[in-house]
Amino acid sequence: MADEPSASSHHRHRRRGGSRRRRAAGAMIGLIAAAARAPSSRAFSARRAAAATARPGRASSALALSPSLSSYDVVVVGGGHAGAEAATAAARTGARTLLVTQSSDTLGELSCNPSVGGIGKGHLVREIDALGGVMGGAADAAGIHFRVLNRRKGPAVRGPRAQVDRDLYKAEVQRLLLSEGGREEGGLENLEIYEASADDLLLDEGEGIETLAPLADPSDSNDLDADRDGSNGGEGARLERAKALSSAKANASHRRARIRGVVAVDSRTNERVEIECAAVVLTTGTFLRGVLMIGKERYSGGRHLRDSEEVEPPSVGLALTLDRFGFPLGRLKTGTPARLDGRTIDWDACRIQPSERPAAPFSHVRQARGEEPPLAAAGRLVDCHQTATNELTHKLVMEYAHLLPEYDGMDGKGNGPRYCPSIYKKVERFAERKSHNSFLEPEGLNTDVVYPNGMSGPYPEEIQLKIFRSMKGLENVDIVRPGYDVEYDFINPQVLTHTLEAKSIAGLYLAGQICGTTGYEEAGAQGIVAGANAGRAAGAAHRGEKAPLPFVLGRDEAYIDDLVTKGTSEPYRMFTSRAEYRISLRADNADLRLTRKGADHGLVTDPERLAALDMRQTMIADSVDRLRNYKLYVTDWARRGGDVMGGDAIHRPGRASNKKSAEEVLGMPNVSLKMVEEIMADVFDEEWKEKQSALEGGSSSDEDKMCLTPSSVYDTVEASVKYKSYVVRQERDIESWRKAQGARIPPNIVYDHAVMPTFSKEEIEKLNRFKPSTFAEASQISGLTPQSLVYLYHHVMKLNKDSRRKAHEESVAV
């Protein structure tokens, strides 16, 4: 849903008289009809106050409601997840930063699902936190239900997730922004928040014009910001990154303008204000010429205000300017489901899903302290529940499909997220399935509003109610607010460099859904990259310093996606399968990968975070060293550990005299660190007792007990040991793939699950659609994972080998 509330065409988000609100909406509709061809408006009716969410006191009272300066280094447009991360990142680099948002009330709003993290997404939240970002700490502070998804699978694909209290999350984001803005003790003094609407960009135009905020070209530097020891990607990855970073010179010829500032409309006075700056970060989310839809009704807006009849208006002026400069605009859609009244749900008929304990935090600092998130520690966690659709539900979904909206994109079908589809898309796409799960997730501690995960569908409200009441446990449910869809403009991200700067307008950075992403986490991750580069470049220019090197995260360093290289034709969701280095890019080691780099680039300024990193690195090294140096006879390992540690193999000749280290044993399949350390502890205790018996007495102390791996580094120690050999294999596969880029793919190859069982439905669909003739072409298909490309390469090599053997056999026969 709408990840980043736009600071766009003017609208003051305060409760007003109905006639005044309708006049403002009518004026906006006239503008949209002329500029964006968006049809009629509709007032959103007031909803049941009894089920409305209780809100905490407004945190914006101490916010700066007008800019104190006439010029800034960086202006960030939009106060959603990308905007919050971009603004705080820019401020931490030392840039004078202004965050422009229509209303400070909506800073940090969770527009759709009240959750953070998940498969792939949890990695991004940990990476954001490792770089000093906002999202991880806010999710910990507001978390009311915690789980690690894929826990039964390997550490590389485990995804931490938290269900959060909407109000607490928003309040915590606002508190952190206030702290960054210097309004609280210890906060930075160079971030201000201005309630206004960014109406347009101030530009200096000219072919090949020089930027006001340059970044150094890494090709001119001996430091390519790569691993000189050849680890994490080796020479191939180093050269690939150097090429990607070398954008300053290459893109000079593409420039048609440079940023000089923004034009804003003050939300209190309606005055137009010109604010000069050297860099702008646009995080407009779903607001770029956004159109909202329920059934056949369409009305302009970026999203509905929560618990209100008001609509936040779309951004039109910015869209027209981007269009004028030739940015490739497309239309995407997303949706949010109806909200349900929890008092009308039969919870006993649903399957309970309790939170995990101990709850795993997102914050690396909290993890290093050995602390749970605060509400978990206080015992204030809630349960989620599971229900499911059925054949009657599916019948209703298809029966009323003719009442769904008609979209601008995809010939009226709309171009929505593949991996968070509407219930109609699920039933249509998976016609053979008789049910789809839906998780009923409370929106907070002080509300009865429930979010039905997986049930978006912008049918007319009465049809939405019929669909929900066909499901188990929801037979008597009431809807608090109907679900709706939003369709909006996005820009193909291939027009950006790896710093997320636009190639044609120097100093203009984009992040979040404007780049084609979907989800809070993807938006936040892009916001940090865009804000860091904008802040470093503009801040250095203001201070008269030399141009700094760009802040770019290589594919071997982080889960920052490949949108810039491949682009996207549909809303982009991050998955672990999209990363070729996923064995090294785990959620548990994000701080080890990124925090030091963040500090070097001015993003990490908290001494406690750096101290936590040092402590974790020391503990990990100590634990791995202890495992490496601890040895037992293989017969002892097998006798104590059973089949998984050798079993009957110990009876083979010559085995009795062999020893294995604990590190080697941990590397065996199905052996856990807990199992190994329990054996080590048992042996230690036995040896200690023997020693005490020989000494005839003595007292024990903590020093007489074996030191086990602390919980704060347990996952990292286990994964680093178990994946050691796989990392080598991973690099070998990637290198062989790089060398195969020019190899041809036979035109008669069959793309089918029977032949390629590991391929996803998306991958099979896109390979059949595009029919790539070379592996270089295949690598440019968005959604095709590196693992599948390697599999395809080996498959084609096998086909070629079989073909040559057959030809040889036929020639011999002749």
Side-chain angles (χ1 to χ4, degrees), residues 67-76 85-99 131-133 180-182 187-192 202-204 208-226 241-242 244-252 255 257-262 275-281 496-503 505-509 511 527-553 594-607 610:
S68 63
L69 305 174
S70 60
S71 67
Y72 292 81
D73 299 325
V74 178
V75 171
V76 177
E85 301 296 352
T88 53
R92 290 196 305 275
T93 66
R96 300 171 306 152
T97 305
L98 182 70
L99 173 60
L131 292 169
E180 294 286 354
L188 299 176
E189 295 290 345
N190 51 343
L191 172 61
E192 291 185 11
L202 293 173
L203 300 171
D204 293 326
I209 191 169
E210 289 293 321
T211 177
L212 295 176
L215 287 165
D217 194 321
S219 62
D220 293 336
S221 172
N222 291 325
D223 180 10
L224 293 176
D225 201 24
R241 187 182 308 148
L245 291 175
S246 301
S247 57
K249 292 179 180 177
N251 291 310
R255 289 197 198 117
R258 70 183 178 198
I259 287 292
R260 185 168 55 82
V262 297
I275 305 169
E276 293 186 354
C277 63
V280 170
V281 183
L496 307 177
T497 71
H498 284 252
T499 63
L500 300 185
E501 183 181 17
K503 295 176 183 178
I505 300 181
L508 176 63
Y509 296 80
I528 278 205
V529 173
N533 283 295
R536 283 170 59 77
H542 171 74
R543 295 187 296 269
E545 300 170 356
K546 70 176 184 178
L549 285 169
F551 176 73
V552 175
L553 299 174
L594 298 176
T595 297
R596 194 73 65 192
K597 180 168 183 171
D600 292 342
H601 287 77
L603 286 171
V604 176
T605 57
D606 179 12
L610 294 172

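To the nearest 0.5 angstrom, Leu603 atom CG is 5.5 Å from Arg92 atom CZ. Here the straight-line distance linking atom CZ of Arg543 with atom CG of Asp73 works out to 7.5 Å at 0.5 Å rounding. Here CG of Leu215 is found 12.0 Å from CZ of Phe551. Values are rounded to the nearest 0.5 Å. To the nearest 0.5 Å, the span separating CG on Leu212 from SG on Cys277 amounts to 9.0 Å. One distance of note links CG of Leu549 with CG of Asn533; it measures 10.5 Å at 0.5 Å rounding.
Here the closest non-hydrogen pair linking Ala279 and Ala534 is CB-CB, 4.0 Å. Closest approach of Arg536 to Thr93, counting heavy atoms only: N-OG1, 3.7 Å. Minimum interatomic distance between Leu191 and Ala87 (heavy atoms only, all atoms of both residues): CD1-CB, 4.0 Å. Across all non-hydrogen atoms, the minimal contact from Gly598 to Leu131 is CA-CD2, 3.8 Å. Looking at every heavy atom in both residues, Ala538 comes nearest to Val74 through CB-CG2, 3.9 Å. Annotation for Lys546 and Ala540: closest pair O-CB, 3.9 Å, computed over non-hydrogen atoms.
More than 12 heavy atoms of other residues, nucleotides or ligands sit less than 6.0 Å from atom CD of Glu545.
Under the 3.5 Å distance criterion, the side-chain polar atoms of Arg258 are matched with a main-chain donor or acceptor of Glu210.
Counting heavy atoms from C-beta on, the side chains of Thr595 and Leu610 come closer than 4.5 Å. Val552 is listed as a side-chain neighbour of Thr499, based on a closest heavy-atom distance under 4.5 Å. The closest side-chain heavy-atom distance from Val280 to Ile505 is not below 4.5 Å. Val76 has its side chain within reach of Thr97: a pair of non-hydrogen atoms, C-beta onward, lies under 4.5 Å apart. No side-chain heavy atom of Ile275 sits less than 4.5 Å from a side-chain heavy atom of Ser71.
With respect to Tyr72, the side-chain hydrogen bond (donor to acceptor under 3.5 Å, both in side chains) criterion is satisfied by exactly one of Arg96, His542, Glu192: Glu192.
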